[in-house]
Protein chains: 2
Amino acid sequence: MPNSAVSNSLFSSSTGATLGRRATTQRARFEDFGGTRRAFAAHEVVYYEGDPVKRLFQLSEGSLMLYKLLPDGRRQVVEVLQAGDIFGLAEGSEYDCTAETLTKTSVYEIDLKKVESSVGLQQQLTKCLIGQMNALHEHAMLLGRKSATERVASFFMYLIPNRGGPGCVGPDPEVEGDGCDLELHMTRQEIADYLGLTIETVSRVISDLKKRQVIRLEKSDRIHLRRVCDMCQITGIH
Amino acid sequence: MPNSAVSNSLFSSSTGATLGRRATTQRARFEDFGGTRRAFAAHEVVYYEGDPVKRLFQLSEGSLMLYKLLPDGRRQVVEVLQAGDIFGLAEGSEYDCTAETLTKTSVYEIDLKKVESSVGLQQQLTKCLIGQMNALHEHAMLLGRKSATERVASFFMYLIPNRGGPGCVGPDPEVEGDGCDLELHMTRQEIADYLGLTIETVSRVISDLKKRQVIRLEKSDRIHLRRVCDMCQITGIH
DNA sequence: CGGTCTTTTGACTGCAATCAACCAGTGTGG
DNA sequence: CCACACTGGTTGATTGCAGTCAAAAGACCG
């Protein structure tokens, strides 16, 4: 472990799979701590921005987005969550975002009091929060400084485990070529609201990548990358 | 406490003062847990993006920014921190951002092992992280969906405690008028990199607000708001 | 006072937003 | 089975906001 001064259970080790991070290691789930499971269909709202905070959630299966709205209808998707991610935390007594499922999901709910009293849960929570925080930093860079093409390319790279990040392993030498298939599980509108773009711009960028033969569309939300490294070059990170 | 189902020590109560939140209550400091104090001058780097993670920090006095760079030099300031805020957490073994002071600051350092073993510190940490997370959500909305003018206005409102947020108290009836003085403690370049704009655009927006008599410049980083409510109208939140 | 650095202002350009059609897939009912 | 509506996605034409490039105006300092 070169250059690393720490390797304790709390702060080291890659965990979770929030978009914007690319780690793989499993982390503990709320079910281990007595949380109760709840299922949602695709495009269901778990809670609305402004609702009173009652419980804490952990995503167990599927994917889910958190978004905020301005009074005139502008929307910003602030996080796209994957299995293991935490949501439902708030400073005050109201949620600061709306939580809406993207796919069929399974969620663990847990009482706030229970979290407070359990050291194990606390540590779990911290670990998740740090990861999600790093993803938010990365996303701030995307929203503040990247071009439309770079945003879309970065978004695609988010979806590929172990690639594009600081721990990128490069093309797998075991596998012929460096291709990859992606399922977006998001509409163009959701992608646009996540990337701070319009639906038309997202569509145009994707069409352009298609024309440049960087990608191939199997379906509108199923995309094949010819070579992952090519996509990575477009993200602005290299 | 209308509409609030919870009021335990961990997740309720307004805490901290990170930009993007407007709360006031004091929270515990690391000094109480045996952290060591360290002083920095203005524009000093505490650590660089990519440095190995060794310690956790809490800002005690002054203000500090976290930023990320792209290889071509584009910069995004991802957080501007105030007293009480935590920084230096990372998923892996390296910092994901550079931490640089904006003013003379005082920082408490604490060993990661110590945090892991203390329930009190853990709770403290969680509280801070949730607040900073909410600020990042708010900032994602700013970067993804707001106009240049709305960004600058929102930035100014960040700097005013108890105004503009969900718990906005409106103009203080005790005080004649609704004016307010602000110290920015940031150069135009830093503001631009925080708001995802260029230095010229920030300057133009400020000139325009001046022409519209919404603000008056005492110095280039000292600004008087004629009426806070007027500024708030420009943020896009209302 | 000149020299350096930050901020402001001006002229122009370009990227992404807007407005508007069009297209493809899906479901419904006569 | 086809006509129809409806939804989500794509493409085209045009506009406008913020970026870029360039220069002037202040601010600060030895």
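Within every chain, numbering begins at 1; the chains are lettered A, B, ... in the order of the sequence lines, protein sequences first and strands thereafter.
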Mind listing the side-chain donor-acceptor pairs of residues 229-238 of chain A below 3.5 Å, one per line with the distance, residues two or more places apart or on another chain?
unit_1: A:Asp230; atom_1: OD1; unit_2: A:Arg227; atom_2: NH2; d: 3.3
unit_1: A:Asp230; atom_1: OD2; unit_2: A:Arg227; atom_2: NE; d: 3.4
unit_1: A:Asp230; atom_1: OD2; unit_2: A:Arg227; atom_2: NH2; d: 3.4
unit_1: A:Thr235; atom_1: OG1; unit_2: A:Cys232; atom_2: O; d: 2.7
unit_1: A:Thr235; atom_1: OG1; unit_2: A:Ile237; atom_2: N; d: 3.3

Show me the donor-acceptor pairs, under 3.5 Å and distance only, between side chains in residues 64-72 of chain A and residues at least two apart or in other chains.
unit_1: A:Tyr67; atom_1: OH; unit_2: A:Glu100; atom_2: OE1; d: 2.8
unit_1: A:Lys68; atom_1: NZ; unit_2: A:Asp96; atom_2: O; d: 3.1
unit_1: A:Lys68; atom_1: NZ; unit_2: B:Glu138; atom_2: OE1; d: 3.4
unit_1: A:Asp72; atom_1: OD1; unit_2: A:Arg74; atom_2: N; d: 3.2
unit_1: A:Asp72; atom_1: OD1; unit_2: A:Arg74; atom_2: NE; d: 3.2
unit_1: A:Asp72; atom_1: OD2; unit_2: A:Arg74; atom_2: NE; d: 3.0
unit_1: A:Asp72; atom_1: OD2; unit_2: A:Arg74; atom_2: NH2; d: 3.0

Using a 3.5 Å cut-off and no angle test, enumerate the donor-acceptor pairs between side-chain atoms of residues 200-207 of chain B and protein atoms at least two apart in sequence or in another chain.
unit_1: B:Thr201; atom_1: OG1; unit_2: B:Thr198; atom_2: OG1; d: 3.0
unit_1: B:Ser207; atom_1: OG; unit_2: B:Ser203; atom_2: O; d: 3.0

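Which of C:dT7, C:dT9, D:dT10 sits closest to the side chain of B:Ser207 comes down to C:dT9.
Judged as a side chain to side chain contact (heavy atoms under 4.5 Å, CB included), and not counting sequence neighbours, B:Lys104 has no contacts. Not counting sequence neighbours, the partners of B:Glu218 by the salt bridge (charged side-chain N to carboxylate O under 4.0 Å, His left out) test are B:Arg216. Considering only residues two or more places apart in sequence or on other chains, B:Arg38 meets the side chain to side chain contact (heavy atoms under 4.5 Å, CB included) condition with B:Phe40, B:Phe57, B:Glu109. With sequence neighbours excluded, no residue satisfies side-chain hydrogen bond (donor to acceptor under 3.5 Å, both in side chains) with A:Lys211.
The shortest heavy-atom contact between B:Leu81 and B:Phe87 is CD1-CB, 3.7 Å. B:Glu190 and B:Thr187 make their closest contact through OE1-N, 2.9 Å (heavy atoms, listed as atom of the first residue, atom of the second, distance).
Nucleic acid contact class of A:Thr187 (heavy atoms, under 4.0 Å, all strands): sugar-phosphate only.
Taking the six-membered ring where the residue is Trp, A:Tyr194 and A:His139 present parallel rings, their angle staying beneath 30° rather than reaching 60°.
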Quick test: give all pairs of protein nitrogen or oxygen and nucleotides 24-27 of chain C nitrogen or oxygen below 3.5 Å, distance rounded to 0.1 Å.
none

Review item, nucleotides 23-29 of chain D N/O atoms under 3.5 Å of protein N/O:
none

Could you list all N or O pairs between the protein and nucleotides 18-21 of chain D that sit under 3.5 Å apart?
unit_1: D:dA18; atom_1: OP1; unit_2: B:Ala148; atom_2: N; d: 2.7
unit_1: D:dG19; atom_1: OP2; unit_2: B:Thr198; atom_2: N; d: 3.3
unit_1: D:dG19; atom_1: OP2; unit_2: B:Thr198; atom_2: OG1; d: 3.1
unit_1: D:dG19; atom_1: OP2; unit_2: B:Thr201; atom_2: OG1; d: 2.5
unit_1: D:dT20; atom_1: O4; unit_2: B:Arg204; atom_2: NH2; d: 2.9
unit_1: D:dC21; atom_1: N4; unit_2: B:Glu200; atom_2: OE2; d: 3.1

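Counting to the nearest Å, the P atom of D:dA22 and the CD1 atom of B:Ile199 are 17 Å from each other. The separation between B:Met186 atom CE and C:dT6 atom P is 15 Å, rounded to whole Å.
Using a distance-only test at 3.5 Å, with no hydrogens or angles considered, a donor-acceptor pair links the side chain of A:Thr98 to the main chain of A:Glu49. Using modelled atom types, one side-chain atom of B:Gln132 and one backbone atom of B:Ile86 make a donor-acceptor pair closer than 3.5 Å. No side-chain donor-acceptor contact under 3.5 Å links B:Asn134 to the backbone of B:Gly131.
Around CZ of B:Arg75, the count of heavy atoms belonging to other residues, nucleotides or ligands within 6.0 Å exceeds 12.
Taking a 4.0 Å limit (strictly below) on heavy-atom distances, residues 70-78 of chain B does not reach DNA chain D anywhere.
Each end of the helix from C:dC1-D:dG30 to C:dG30-D:dC1 yields a helix axis from five base pairs, and these two axes differ in direction by 20° (to the nearest 10 degrees).
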For this session: For A:His137 and B:Gln76, run side chain to side chain donor-acceptor pair (under 3.5 Å): C-alpha distance rounded to whole Å, both residues' side-chain angles, the deciding distance at 0.1 Å, then the answer.
Result: CA-CA 9 Å; A:His137 290 168; B:Gln76 180 63 45; over 6 Å; no
